[in-house]
Amino acid sequence: MKKIDRYILKQFLGTFAFSITMILLISVVFDVSEKIDDFYRREAPLKKIIFDYYVNFIIHYGLLFSALFTFIAVIISTSKLAKNSEIIAILNSGWSLKRLLRPYLIGATLIASISFYLNNWLLPTTNEIRLEFEQEFIRNKKSERFKNIHRQIKPGHFIFMESFNTKKQKGFRFSYEIFREGHLISKFKSDFITWNEKKELWLAENYNFRKLNQLGEKIEKGAKIEKDFGFYPSELIYQKSSTNMMILPELNNFIEKEKKRGVENIHYYFLDLYQRYMTPLTTFILTLIGFSLAIHKKRDGTGLNLVYGFILTTLFILFQKISITFTTNSNLDPFLAILLPNLIFGVLAYYLFQRAER
């Protein structure tokens with residue numbers, strides 16, 4: 001790597017580190033002022049506030065906006081070089097604009113690679129710790145009872161519970177129905193169902209089992225019976241944010257399991273999966289946009305470049321939200337929903353770079 005490359009890369013990464021540190025510190029100050037009453041009222045230990053919440057708060061938001069901070073760093077560092085006429089000197093020495101882009105791409109690769117690893121292997125663990133702290137000291141206590149649970153265990157196999165207590169791992173008014181070719185072939189009902197962790201079986205109380213066939217139906221009743229229904233208590237309650245606490249291999253395995261079961265809301269999990277893979281691409285697109293906007297010296301300096309850049313990134317985020325909304329409310333493929341904004345702005349980034357070369 002040449003001396004000019006190292007100089008530009010140092011400027012870029014230094015600006016990135018400074019901007020992300022300053023913004024996150026300001027965010028922490030505002031968050032403390034907003035939540036200090038909750039910490040005091042619920043007697044949150046100082047050690048937990050610092051290490052369980054704010055350390056993980058910084059990791060979460062730093063990784064969430066890493067692509068945006070990369071964009072800001074590109075604009076500021078490039079605008080500074082252009083303002084000092086260093087860009088003109090470099091280009092006059094025989095470098096092309098594509099060659100000048102190389103150190104920025106190296107920096108973007110470094111940031112994107114670290115962010116990808118941390119997003120998929122560290123962040124799920126820190127998210128779990130941070131969300132547990134929020135649940136205990138900031139929000140209302142976590143609900144232990146969930147009502148009207150409907151789940152498809154596998155194709156044609158459906159369960160229902162009127163309520164389920166996660167602490168006691170006990171359900172009320174449970175039913176398990178099996179359908180074949182649209183026809184009910186068996187139905188198991190019980191007043192209570194309790195998970196036995198040691199045996200990994202369910203204890204059903206006051207049960208009634210009906211099995212239908214061509215000759216009629218067979219009914220079995222009893223006070224208690226232990227059965228393996230093919231699901232665990234942890235599989236009963238899923239929230240949209242639950243995948244945020246899964247590392248990448250766990251998320252892939254989870255999605256495969258849910259696909260086999262034929263669950264209806266699986267698109268939420270695919271959106272999370274594809275977003276994880278697409279974030280590095282977003283980093284490169286914003287790097288190219290920022291470089292193309294800031295490469296030429298402007299009379300209004302860095303401020304105007306930042307304004308243009310923030311308008312484009314706002315539109316980018318808006319497109320992402322619209323695509324995700326279409327997926328959740330229509331039949332738009334989750335992969336297309338995540339890819340489409342990147343594709344559109346990727347074309348825009350290429351156009352801006354071509355324009356900057358003229």
Side-chain angles (χ1 to χ4, degrees), residues 13-77 111-112 114-144 238-248 251 268 271-272 275-276 278-280 282-283 286 290 302-303 306-307 309-318 320-321 324-325:
L13 294 179
T15 306
F16 173 81
F18 178 78
S19 61
I20 196 171
T21 300
M22 292 305 297
I23 296 296
L24 289 175
L25 286 176
I26 292 169
S27 300
V28 168
V29 171
F30 277 104
D31 195 75
V32 169
S33 64
E34 182 183 343
K35 295 186 172 68
I36 192 166
D37 289 338
D38 294 315
F39 297 153
Y40 179 76
R41 187 173 66 254
R42 299 194 178 183
E43 299 179 348
L46 181 60
K47 185 179 178 180
K48 282 195 170 186
I49 293 173
I50 296 171
F51 295 103
D52 287 7
Y53 184 62
Y54 280 111
V55 169
N56 297 321
F57 174 94
I58 289 170
I59 293 171
H60 172 71
Y61 286 103
L63 290 172
L64 182 64
F65 296 112
S66 63
L68 180 59
F69 287 126
T70 304
F71 167 77
I72 293 171
V74 170
I75 284 192
I76 293 175
S77 59
I111 294 169
I114 294 173
S115 297
F116 181 79
Y117 176 78
L118 295 178
N119 263 312
N120 290 292
W121 277 272
L122 175 67
L123 187 61
T125 303
T126 61
N127 272 341
E128 186 173 2
I129 297 170
R130 178 178 59 84
L131 292 172
E132 283 180 0
F133 178 92
E134 287 182 355
Q135 201 68 58
E136 184 175 359
F137 298 107
I138 299 173
R139 300 173 185 165
N140 295 326
K141 291 291 184 180
K142 187 176 181 180
S143 175
E144 295 175 349
Y238 283 126
Q239 299 173 347
K240 294 178 187 177
S241 61
S242 61
T243 55
N244 293 332
M245 294 177 280
M246 297 180 188
I247 64 173
L248 189 58
L251 179 58
Y268 289 115
L271 284 170
D272 188 2
Q275 186 68 57
R276 294 190 190 195
M278 207 62 69
T279 299
T282 303
T283 301
L286 292 179
T302 307
L306 284 171
V307 171
F310 276 117
I311 290 172
L312 287 174
T313 51
T314 301
L315 290 173
F316 190 14
I317 294 169
L318 181 62
Q320 287 182 321
K321 297 299 181 184
I324 290 172
T325 301

When the side chains of residues 48-55 are checked against the rest of the protein, which donor-acceptor pairs come out under 3.5 Å, sequence neighbours left out?
residue, atom, partner, partner atom, Å
Y53, OH, D31, OD2, 3.1
Y54, OH, D31, OD2, 2.9
Y54, OH, V32, N, 3.2

Quiz item: Taking atom CZ of F39 and atom CZ of R41, what is their separation to the nearest 0.5 Å?
Solution: 11.0 Å
Quiz item: Would you call F137 and P45 a side-chain contact if the rule is heavy atoms closer than 4.5 Å?
Solution: yes
Quiz item: Should we say atom CD1 of I36 is surrounded by more than 12 heavy atoms from elsewhere, each under 6.0 Å from it?
Solution: no
Practice problem: Working to the nearest 0.5 Å, report the span between CZ of F71 and OG1 of T313. | Solution: 5.0 Å
Quiz item: Would you say the side chain of I58 lies within less than 4.5 Å of the side chain of V28, judging by non-hydrogen atoms?
Solution: yes
Quiz item: Of all heavy-atom pairs between G290 and V74, which one has the smallest distance, and what is that distance?
Solution: C-CG1, 3.6 Å
Self-check item: CG on L68 to OG1 on T283, rounded to 0.5 Å
Solution: 10.0 Å
Quiz item: Would a distance-only check, ignoring hydrogens and angles, find a side-chain to backbone donor-acceptor pair under 3.5 Å from S66 to L63?
Solution: yes
Practice problem: Would you mind reporting whether F57 and S27 have side-chain heavy atoms less than 4.5 Å apart? | Solution: yes
Quiz item: Going from CG on L123 to CD1 on I247, what distance comes out if it is rounded to the nearest 0.5 angstrom?
Solution: 12.0 Å
Exercise. For residues F316 and L286, determine if any side-chain heavy atom of one lies less than 4.5 Å from a side-chain heavy atom of the other.
Key: yes
Quiz item: Quick one: does I72's side chain get under 4.5 Å of I20's, heavy atoms only?
Solution: no
Quiz item: Could you state the interatomic distance from CG (N244) to CZ (R276), rounded to the nearest 0.5 Å?
Solution: 7.0 Å
Self-check item: The single option from L251, T279, L248 passing side chain to side chain contact (heavy atoms under 4.5 Å, CB included) against N120
Solution: L248
Quiz prompt | Nearest non-hydrogen partners of Q320 and T282, listed with the distance | solution = NE2-OG1, 4.4 Å
Quiz item: Are N127 and H60 close enough that some pair of their side-chain heavy atoms sits under 4.5 Å apart?
Solution: yes
Quiz prompt | Minimum side-chain heavy-atom gap I138-F133 below 4.5 Å | solution = yes
Practice problem: With rounding to the nearest 0.5 Å, note down the distance linking OH in Y61 to CG in L64. | Solution: 7.5 Å
Exercise. Go through the structure and list residues passing side chain to side chain contact (heavy atoms under 4.5 Å, CB included) with F18, not counting sequence neighbours.
Key: M22
Self-check item: Student check: side-chain heavy atoms of E128 and T125 closer than 4.5 Å
Solution: no
